[in-house]
Amino acid sequence: MTVSPEQQKSLYRHLLLTRLLEERMVSLYRQGKMTGGLYRCLGQEATAVGTAFALEEGDVLVPLIRDLGAVLVRGARPVDVLRQVTARADGPSRGRDAFLHFCLPDKGLYSGIAMLGTAVSVVAGMVFADRFLGKRTVGMTYLGEGGTSTGAFHEGINLAAVQKLPLVVVLEYNRFSYSTPSEMQCAAATLADKAAGYGVASAIVDGNDALAVVAAARRAVAHAREGNGPFLLECKTYRRKGHAEHDGQHYVDAEELAEWSRRDPIARFEREMEAAGVMDAAARAAVHTELDAELDAAVAEAESSPTPVPDPEFRGVRADEEDVVRRRRETFAGGLA
Amino acid sequence: MSGHPGGETSYVDAIRIALGEEMERDGRVILMGEDIGVYGGAFKATAGLLERFGPQRVVDTPVVEEAIVGAAIGAALRGLRPVVEMQFFDFAARAFDMITNFAAKHRYRTGLGVPIVIRGPSGGGVHAGPFHSQSPEGYYARTPGLAVVAPSTAADARGLLKAAIRDEDPVLFLEHKLLYRRAKGVLPEGDGVVPIGKAAVRREGRHLTIVTYGAMVPLALDGAAALAKEGAEAEVVDLRTLLPLDEEAVLDSVRKTARCLVLHEDARTLGIGAEVAATLAEKAFEWLDAPVVRVTAPDTPVPFAPALEAAYLPGLSTLIAAARKIAAY
């Protein structure tokens with residue numbers, strides 16, 4: 001279960017890519033080139049990257065808003081994400097939805113919706129189907145404290161537990177749901193405490209310790225894959241930026257924020273790799289340079305991608321829609337609207 | 001195929017037959033719902049299916065309406081064809097978010113369809129009170145991405161349920177609990193699939209069009225018989241599908257009769273009648289000789305006491321009075 005040097009280099013590459021891609025999005029946002037809000041994951045990269053790293057090819061994943069790292073680990077490209085946030089016609093949702101709301105089904109990557117908790121039962125259904133079809137797929141999805149307050153979370157875990165489904169739910173304890181601190185979100189001592197109520201397994205891990213996250217996630221995934229039912233993996237981390245870029249975090253204690261900045265997950269992993277002789281400063285700099293070039297190209301590609309052209313027939317709602325399209329055309333051809 | 005005299009099959013038996021036929025035809029069709037397996041369903045719509053197809057395909061769930069629909073969505077995305085039962089369609093309100101936000105919007109924003117069916121008993125007339133008697137089509141028939149079907153006959157229940165299961169996108173299948181055992185008919189030989197989106201003319205006439213669906217179809221036919229004695233020939237158009245609405249069928253009839261009445265058990269405001277009336281105003285204004293009138297339940301919850309419910313549901317005298325007014329306009 002140890003993370004080999006090759007795997008560590010891959011892990012580092014994904015962590016750094018997440019950080020650097022997000023910095024490119026911040027730049028685009030400040031230049032007014034992004035559409036919609038920017039929901040940053042600064043400081044939480046090890047949670048998203050480390051957990052997704054534990055999955056195998058063929059597994060399925062639905063991310064939440066701060067899981068850019070998970071989406072990249074599963075095979076989305078930076079240009080896919082950049083086209084999404086700049087609302088391009090050739091982004092994976094073709095301009096019809098935002099940010100991480102897109103599917104790459106060949107990579108087992110599916111989309112949540114804005115309503116929190118809903119992905120739990122949807123991913124439960126995915127792995128139910130895969131098990132029915134004879135596969136050993138594990139499904140992974142994510143929630144913060146806020147998401148675990150929802151009825152959808154409750155119903156989804158309950159259904160997955162009763163059906164003993166191979167579902168890993170990563171609970172990202174990052175201290176804030178928008179402006180609401182965790183003690184106002186939940187009265188239980190830990191999110192993992194909730195597992196006992198459903199009869200499922202759980203664990204708590206330092207979400208800013210990349211190697212610990214990978215190890216814990218691998219145990220959770222193995223537990224699920226071997227038919228033992230759902231696993232709630234609580235990752236203790238911290239949201240270092242506001243809910244979105246417009247949120248100045250005035251409700252956050254400055255000293256607490258500074259403390260967590262000193263616990264940066266990427267800086268920590270760099271020190272660990274250096275100490276273990278896996279990657280030195282020169283090796284890390286080389287990865288940084290390579291990723292910068294990759295992101296330069298991706299940003300350029302996204303910025304030159306076409307803007308969506310509105311379809312006057314408003315297609316794509318249902319597969320069988322010709323009658324509806326024809327009627328709509330006839331209604332508005334008469335000049336009534 | 002049927003256990004009724006005269007070779008007729010009841011509406012609820014026709015539903016069970018359709019489920020069994022589709023589950024035989026396609027091994028990806030599974031059922032999910034509360035008390036559908038061991039108990040066979042609160043109205044016995046799924047009786048015997050657990051024994052026939054096993055617990056992997058007939059899944060008894062906890063009381064998790066929202067999660068049942070969510071799980072159906074996920075299973076559909078991975079290749080299964082889930083048919084979810086809502087024990088009473090009133091309870092689908094608990095899954096409103098999943099239905100309207102997750103399922104309905106999925107193809108539009110991702111390109112991937114969600115081939116699920118959500119079926120269950122709707123409607124009143126059985127003294128079941130405000131939470132077991134609703135006609136909820138108004139909430140869903142205005143949601144882009146859904147189809148909403150409401151059969152009135154046993155043959156249509158079977159045929160439209162098959163079409164719904166074969167559809168690549170979400171279909172809400174509103175059965176009427178009063179019709180479960182009261183509506184009986186001969187099921188056609190062969191596949192018997194009925195296309196979604198096509199109305200059926202149940203009775204021809206040249207003086208008035210009655211547009212209706214569900215348990216109001218028999219009432220409309222009774223009304224037409226009574227009106228015929230007064231020399232007024234009513235044409236009864238059974239919509240069968242509420243979304244998408246078969247505009248052509250309604251327009252064809254109104255171009256012939258020039259007068260239209262919409263009859264539905266749902267409350268008045270923003271019901272299907274409002275949509276039909278607006279469509280006729282836009283597309284058949286030149287053809288109409290009278291205003292389009294809606295005969296509906298009032299804008300109140302469904303009451304429990306038999307005396308109150310009888311006054312709540314549209315009745316024959318109200319229907320005939322409205323028809324006479326339009327005929328005389």
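All heavy atoms count here, side chains included; hydrogens, waters and symmetry mates do not. Numbered from 1 within each chain, the chains take letters A, B, ... in sequence-line order.
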### Query
What's the spacing between B:D97 CG and A:L116 CG if we round to 0.5 Å?
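That separation rounds to 10.0 Å.
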
### Nearest-0.5 Å distance, CD1 of residue A:I113 to NE2 of residue B:H106
9.5 Å

Taking all non-hydrogen atoms of both residues into account, name the closest pair between [X] and [Y] and its distance.
X: B:L77; Y: A:Y110; value: O-OH, 4.0 Å
X: B:R109; Y: A:D97; value: NH1-OD2, 2.9 Å
X: B:G70; Y: A:S121; value: CA-OG, 3.3 Å
X: B:P62; Y: A:V162; value: CG-CG2, 4.3 Å
X: B:P144; Y: A:V317; value: C-CG1, 3.9 Å
X: A:F132; Y: B:R57; value: CE1-CG, 3.6 Å

Measure [X] against the heavy atoms of chain B and call it side chain, backbone, both or neither at under 4.5 Å.
X: A:V127; answer: neither
X: A:H154; answer: neither
X: A:V123; answer: neither
X: A:Q163; answer: side chain

Is it the backbone or the side chain of [X] that comes under 4.5 Å from a heavy atom of chain A, or both, or neither?
X: B:V69; result: neither
X: B:A76; result: neither
X: B:P170; result: both
X: B:E168; result: side chain

Charged N to carboxylate O under 4.0 angstrom, [X] versus [Y]?
X: A:R318; Y: B:D167; answer: yes
X: B:E247; Y: A:R326; answer: no
X: B:R166; Y: A:D320; answer: no

Quick check: does any side chain N or O of [X] sit under 3.5 Å from a backbone N or O of [Y], one acting as donor and the other as acceptor?
X: B:D169; Y: A:A319; value: yes
X: B:R78; Y: A:L133; value: no
X: A:R96; Y: B:Y108; value: yes
X: A:E155; Y: B:A67; value: yes

Among [options], which has the most heavy-atom pairs under 4.5 Å with chain A?
options: B:D246, B:I196, B:L146, B:T279; value: B:L146
options: B:L80, B:L112, B:I30; value: B:L80
options: B:R28, B:K105, B:M32, B:R94; value: B:R94
options: B:A147, B:G27, B:G113; value: B:A147
options: B:T110, B:N101, B:I73; value: B:N101

### Task
May I ask you to name which of A:G156, A:A152, A:G108 has the most heavy-atom pairs under 4.5 Å with chain B?
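Counting heavy-atom pairs under 4.5 Å, the top option is A:A152.
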
### Summary
Scored by heavy-atom pairs under 4.5 Å with chain B, the best of A:E321, A:R131, A:K135, A:M115 is A:M115

### Query
Is there a side-chain contact between A:T150 and B:E66 (heavy atoms, below 4.5 Å)?
no

### Query
Is it the case that more than 12 heavy atoms not belonging to A:R327 sit under 6.0 Å from its CZ atom?
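Yes - once you tally the heavy atoms of other residues, nucleotides and ligands closer than 6.0 Å, there are more than 12.
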
### B:F96, CZ: over 12 other non-hydrogen atoms inside 6.0 angstrom
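It does: B:F96 CZ has more than 12 such atoms within range.
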
